[in-house]
Amino acid sequence: MLWIKSLHIVFIASWFAGLFYLPRIFVNLAMVPADSHAERDRLLLMARKLLRFTTLLAVPAIGFGAWLWMGYGIGRGPGNGWMHAKLFLVVLAVGYHHACAVLLRKFAAGRNTHGDRWYRFFNEVPVLLLLAIVVLVVVKPF
């Protein structure tokens, strides 16, 4: 079980590293002048590669977490309300990941509707999600 838990933690940290940086690329994309095609294309390439890599990291992160939950019974039974809250936040993190993919497609199609300031706030969401998830797992408040 400790190997599975270790792998889960490593893949979660890696997945969230991508979720921290991808919106930062969006901030830069939103600031690119309209006539700077080379810079825009370079940032789009970086964002596409990071999204692909981040998606590949999310799959084992979620898989190892499911293995711990279903296979070893971690967080099951009475007094484990924290796990339900954590799973809800994981669903939100997956939704955020999907939202990043949608936003990247909009950038690629030239249909971005948000400014760099909006992306700066959007960039803080995964930090808050990870903080809440870690607190729930470590403190187990309910």
Side-chain angles (χ1 to χ4, degrees), residues 1-76 79-142:
M1 175 180 71
L2 293 179
W3 281 101
I4 303 305
K5 192 181 287 189
S6 297
L7 289 169
H8 178 59
I9 292 168
V10 167
F11 280 105
I12 287 292
S14 302
W15 174 32
F16 270 85
L19 291 181
F20 293 159
Y21 193 66
L22 185 59
R24 185 63 207 167
I25 295 175
F26 294 163
V27 170
N28 293 326
L29 272 167
M31 294 172 60
V32 170
D35 62 341
S36 184
H37 300 291
E39 183 180 4
R40 180 182 180 278
D41 291 344
R42 182 178 48 79
L43 287 169
L44 281 172
L45 178 65
M46 288 172 54
R48 283 187 190 108
K49 286 183 176 185
L50 183 58
L51 177 64
R52 192 175 314 123
F53 187 64
T54 303
T55 301
L56 290 174
L57 293 167
V59 172
I62 293 168
F64 285 125
W67 189 349
L68 288 168
W69 183 46
M70 292 186 289
Y72 291 103
I74 293 176
R76 294 169 73 182
N80 288 303
W82 62 271
M83 180 58 88
H84 298 287
K86 177 200 171 198
L87 291 174
F88 175 73
L89 294 175
V90 169
V91 168
L92 290 180
V94 170
Y96 182 86
H97 188 124
H98 176 72
C100 286
V102 169
L103 290 168
L104 180 54
R105 283 193 298 273
K106 287 184 178 182
F107 268 115
R111 295 178 304 156
N112 175 47
T113 57
H114 304 291
D116 63 291
R117 186 161 186 208
W118 186 87
Y119 287 108
R120 290 174 198 276
F121 286 105
F122 182 74
N123 190 39
E124 300 306 321
V125 173
V127 174
L128 298 174
L129 286 171
L130 184 60
L131 175 66
I133 289 169
V134 169
V135 167
L136 285 169
V137 170
V138 174
V139 177
K140 295 177 178 59
F142 46 90

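Computed from a prediction, not measured in an experiment: that's the story for all the values here.
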**OP:** Pick out which of Val94, Leu128, Leu129 makes a side chain to side chain contact (heavy atoms under 4.5 Å, CB included) with Leu89.
**Re:** Leu129

**OP:** Would you indicate whether the side-chain heavy atoms of Arg24 and Val27 approach each other to under 4.5 Å?
**Re:** yes

**OP:** May I ask you to decide if the ring planes of Trp118 and His114 are parallel, tilted or perpendicular, using 30° and 60° as cut-offs?
**Re:** parallel

Original post:
Taking C-beta and beyond as the side chain, do Phe142 and Leu136 meet within less than 4.5 Å on heavy atoms?
Top reply: yes

**OP:** Could you grab the distance from atom CG of Leu7 to atom CD1 of Ile12, nearest 0.5 Å is fine?
**Re:** 11.5 Å

Original post:
Are there more than 12 heavy atoms of other residues, nucleotides or ligands under 6.0 Å from atom CZ of Arg117?
Top reply: no

**OP:** Please lay out, stage by stage, how Arg105 and Val102 fare under the test side-chain contact (heavy atoms from CB on, under 4.5 Å).
**Re:** CA-CA 5 Å; Arg105 283 193 298 273; Val102 169; 3.3 Å; yes

Subject >> Qualifying residues under salt bridge (Lys or Arg N to Asp or Glu O under 4.0 Å), relative to Asp116, sequence neighbours excluded >> reply: Arg120

Original post:
Got Val134 and Leu130 here, is their nearest side-chain heavy-atom distance under 4.5 Å?
Top reply: yes

**OP:** Starting from the C-alpha separation in whole Å, work towards a yes-or-no answer on side-chain contact (heavy atoms from CB on, under 4.5 Å) for Asn112 and Leu29.
**Re:** CA-CA 9 Å; Asn112 175 47; Leu29 272 167; over 6 Å; no

Original post:
For the residue pair His97 and Trp15, does the interplanar ring angle fall in the parallel (under 30°), tilted (30 to 60°) or perpendicular (over 60°) class?
Top reply: tilted

**OP:** Measure across Pro23 and Tyr119 and return the closest heavy-atom pair with its distance rounded to 0.1 Å.
**Re:** O-CB, 4.3 Å

**OP:** Please indicate whether Phe88 has more than 12 foreign heavy atoms, meaning atoms of other residues, nucleotides or ligands, lying under 6.0 Å from its CZ.
**Re:** no

**OP:** May I have the step-by-step check of side-chain contact (heavy atoms from CB on, under 4.5 Å) for Cys100 and Phe122, ending in yes or no?
**Re:** CA-CA 10 Å; Cys100 286; Phe122 182 74; 3.8 Å; yes

**OP:** May I ask you to check whether over 12 heavy atoms, not counting those of Lys140, lie within 6.0 Å of atom NZ?
**Re:** yes

**OP:** Could you walk me through whether Leu104 and Leu44 pass side-chain contact (heavy atoms from CB on, under 4.5 Å), step by step?
**Re:** CA-CA 8 Å; Leu104 180 54; Leu44 281 172; 3.9 Å; yes

Original post:
Side-chain contact, heavy-atom cut-off 4.5 Å: Leu43 with Phe107?
Top reply: no

**OP:** Heavy atoms only: give me the nearest Gly18-Thr54 pair and the separation to one decimal.
**Re:** CA-OG1, 3.4 Å

Subject >> Atom pair CE (Met46) and OH (Tyr21), whose distance is rounded to the nearest 0.5 Å >> reply: 4.5 Å

**OP:** Please answer whether the main-chain N or O of Phe64 pairs with a side-chain N or O of His8 as donor and acceptor at a distance below 3.5 Å.
**Re:** no

Original post:
What are the two closest non-hydrogen atoms of Lys86 and Val137, and how far apart are they?
Top reply: CD-CG2, 3.6 Å

Subject >> Nearest-0.5 Å distance, CG of residue Asp41 to OG of residue Ser36 >> reply: 9.0 Å

Subject >> Gap between atom CG of Leu50 and atom CG of Leu45 - 0.5 Å precision >> reply: 11.0 Å

Original post:
What's the spacing between Asp35 CG and Arg40 CZ if we round to 0.5 Å?
Top reply: 12.5 Å

**OP:** Look at atom CH2 of Trp69 and say whether more than 12 heavy atoms of other residues, nucleotides or ligands are closer to it than 6.0 Å.
**Re:** no

Original post:
In Å and rounded to the nearest 0.5 Å, what is the CG to CZ distance from Leu103 to Arg111?
Top reply: 11.0 Å

